[in-house]
Enquirer: 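My structure is below; once you've seen it, I'll send some questions.
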Amino acid sequence: MQVTQTHSEGLKRGFTVTVPAGDLEARRAARLAELGRTINLPGFRPGKVPVSLVKQRYGAAIDGEVLEQAVNDTTSKVIEDQKLRPATQPKVELVSGAEGKGDLEFKIDFEILPDIATPDLSNLELTRLTAKPSAEVVDKALNELAKRQRSFESIEEDRPAAQGDVLNVDFVGKLDGTPFDGGTAQDVNVEIGGEGFIPGFAEQLEGMKPGEEKVINVTFPADYNAKELAGKDATFDIKANALKKPVDPALDDELAKKIGFEGIEQVRDLISKQAENEYAQLSRLRIKRELLDALAEKTDFPAPESMIDAEFAQIWQRVEQDRANGETDEEDEGKDEETLRADYRKIAERRVKLGLLLAEIGRAKEITVSREELMQAVRQEAMRYPGQEQAVFEFFGKNPQAADGLRGPILENKVVDYLIELAKVTDKEVTPEELAEIPPADL
């Protein structure tokens with residue numbers, strides 16, 4: 001094998017590799033002999049198929065296999081001999097020998113990972129924001145729970161529906177006069193002034209009496225989950241059946257028992273614990289963001305352009321998808337395409353650099369992901385696909401690169417935990433509202 005370096009610019013490396021025809025022929029002969037010992041052909045005893053017949057039948061396939069294996073093997077050897085750490089999969093371009101004749105010559109181009117010195121983290125100072133669930137927060141959640149258990153009593157008084165009343169209706173939704181799928185229902189309770197319906201739907205029912213009919217006009221929101229209806233104007237033929245009033249149950253032990261608890265205090269405790277868990281997650285997001293901002297100032301190394309390109313492509317795909325769904329970030333409004341691309345490319349570069357720095361810190365401090373931690377991540381991923389769990393396990397078993405995709409976030413979180421433990425952390429109690437003011441995360 002002959003290796004010639006063609007360029008070395010920044011993180012970019014290029015080589016031309018020549019594999020002698022004799023080496024290829026030796027590989028080809030060995031593969032033919034191996035196949036001859038394993039295949040079964042009519043008229044021949046196992047392991048006694050002539051090499052000439054194997055070559056006649058499988059020569060073309062073996063040539064392609066040998067060529068691919070030679071390229072992979074020699075590329076790996078070049079990288080190993082040069083003591084390089086590729087940032088992405090090397091790009092291979094065949095120059096000659098692809099026809100299976102003569103020497104094999106090909107070019108490989110790739111970027112290497114930069115040299116990253118572990119920064120001084122001895123003076124790292126962070127603030128951990130914390131919050132406690134107030135009695136008002138628990139009471140609000142408890143009232144919402146009671147609201148879901150409410151009953152309805154008929155209003156016998158002959159009067160129109162007013163704010164707070166519940167009107168039982170039948171309706172038929174139409175687009176351009178034609179009923180659409182999912183737009184027809186009977187005996188639906190609609191709270192006047194309540195939420196959960198298309199904007200403008202419940203509001204137009206105010207003033208109706210049981211037995212009355214009317215047609216209302218509504219416009220589906222641009223981000224409506226049924227895309228065929230999003231942003232469309234529609235009509236609804238409404239028939240009012242009965243007028244009711246909601247009756248919320250008392251916040252007592254009877255309500256608790258109705259939903260499977262021993263008493264109302266047990267429900268309060270559960271709501272409080274759930275709020276504490278939510279605040280703990282928000283607290284971690286805030287301190288992680290502060291940590292990443294501090295680390296970003298220490299990323300004084302170049303990032304491989306190929307990694308930035310790949311990260312930017314993923315980000316931009318989500319941006320375009322959101323825009324197609326009518327969802328634009330407030331900070332992006334009014335920006336032209338060029339400005340948006342430049343802004344998101346900066347985010348991509350930040351993510352790549354921080355990812356590389358965290359990985360380097362993890363390597364230097366020997367922080368690793370255990371097999372059990374990785375299997376737990378696979379199990380969690382499988383739980384997202386009920387009924388297809390076994391298929392998910394098999395997929396990750398056959399695709400180590402996909403499993404590595406789960407390994408990355410685990411390692412990142414372990415390194416973040418290590419750095420938070422290392423830092424001087426000051427706890428600061430804030431309100432739940434202040435804690436929830438999460439800045440947009442770039443990583």
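In this chain, residues are counted from 1 in sequence order. Only heavy atoms go into these numbers, but all of them, side chains included; no hydrogens, no water, no symmetry mates.
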Enquirer: Are E276 and K273 within salt-bridge range, i.e. N to O under 4.0 Å?
Expert: no
Enquirer: Is it the case that atom CD in E80 sees more than 12 heavy atoms from other parts of the structure closer than 6.0 Å?
Expert: no
Enquirer: Given side chains that start at C-beta, do those of T88 and M307 come closer than 4.5 Å, heavy atoms only?
Expert: yes
Enquirer: Can you establish whether the number of heavy atoms outside E320 located under 6.0 Å from its atom CD is more than 12?
Expert: yes
Enquirer: So, D248 and K147, do they make that salt bridge, N to O below 4.0 Å?
Expert: no
Enquirer: Is any NZ, NE, NH1 or NH2 atom of the basic residue among R363 and E360 found under 4.0 Å from an Asp or Glu carboxylate oxygen of the other?
Expert: yes
Enquirer: One thing to verify: whether D293 and R289 come together as a salt bridge, which I'm taking to mean a side-chain N less than 4.0 angstrom from a carboxylate O.
Expert: yes
Enquirer: Please tell me if the side chains of M208 and V169 come closer than 4.5 Å, counting only heavy atoms from C-beta onward.
Expert: no
Enquirer: Would you say T184's side chain and V172's backbone share a donor-acceptor pair under 3.5 angstrom?
Expert: no
Enquirer: Check K12 with D109, please: is the shortest side-chain N to carboxylate O separation under 4.0 Å?
Expert: no
Enquirer: More than 12 foreign heavy atoms under 6.0 Å from CG of D181: is that the case here?
Expert: no
Enquirer: Would a 4.5 Å heavy-atom cut-off, applied to side chains only, mark L11 and F301 as touching?
Expert: no
Enquirer: Below 4.0 angstrom, N of the basic side chain to O of the carboxylate: do R323 and E337 qualify?
Expert: yes
Enquirer: Please tell me if the side chains of I420 and R284 come closer than 4.5 Å, counting only heavy atoms from C-beta onward.
Expert: yes
Enquirer: State, with a plain yes or no, whether a side-chain heavy atom of D170 is found less than 4.5 Å away from one of D187.
Expert: yes
Enquirer: Quick one: which residue pairs count as a side-chain hydrogen bond (donor to acceptor under 3.5 Å, both in side chains) with a foot in residues 294-304, not counting sequence neighbours?
Expert: none
Enquirer: For F393, which residues count as a ring-ring contact (aromatic ring centres under 6.0 Å, His included) partner, sequence neighbours excluded?
Expert: none
Enquirer: Check for a donor-acceptor pair, side chain of D252 on one end and backbone N or O of L255 on the other, with a separation under 3.5 Å.
Expert: yes
Enquirer: If we ignore hydrogens and angles and just use 3.5 Å, is the side chain of R286 paired with the main-chain N or O of E437 as donor and acceptor?
Expert: yes
Enquirer: Report yes or no: does E111 contribute a side-chain atom to a donor-acceptor pair with the main-chain N or O of S306 at less than 3.5 Å?
Expert: yes
Enquirer: Between the side chain of E290 and the main-chain N/O of T127, is any donor-acceptor distance below 3.5 Å?
Expert: yes
Enquirer: Taking the basic N atoms (NZ, or NE/NH1/NH2) and the acidic carboxylate oxygens, is any pair closer than 4.0 Å for E412 and K288?
Expert: yes
Enquirer: Cut-off 3.5 Å, no hydrogens considered: what does the side-chain donor-acceptor table look like for residues 259-272, sequence neighbours left out?
Expert:
unit_1 : atom_1 : unit_2 : atom_2 : d
Q266   : OE1    : E262   : N      : 2.8
R268   : NH1    : D139   : OD1    : 2.8
R268   : NH2    : D139   : OD1    : 3.4

Enquirer: So that I can tick it off, tell me whether E191 and R150 are bridged by a salt bridge, with the cut-off set at under 4.0 angstrom between side-chain N and carboxylate O.
Expert: yes
Enquirer: Look at E372 together with R379 and state whether they make a salt bridge at an N to O cut-off of under 4.0 Å.
Expert: yes
Enquirer: Please check if the number of heavy atoms outside D81 that lie under 6.0 Å from its CG is greater than 12.
Expert: yes
Enquirer: Charged N to carboxylate O under 4.0 angstrom, R128 versus E421?
Expert: no
Enquirer: Can you tell me if K209 has over 12 outside heavy atoms packed within less than 6.0 Å of its NZ?
Expert: yes
Enquirer: Answer whether the closest heavy-atom distance between the side chains of V78 and R13 falls below 4.5 Å.
Expert: no
Enquirer: Closer than 3.5 angstrom, by distance alone: can the side chain of Q204 be matched with the main-chain N or O of A202 as a donor-acceptor pair?
Expert: no
Enquirer: Return yes if some donor-acceptor pair links the side-chain N/O of K414 with the main-chain N/O of T368 below 3.5 Å, else return no.
Expert: yes
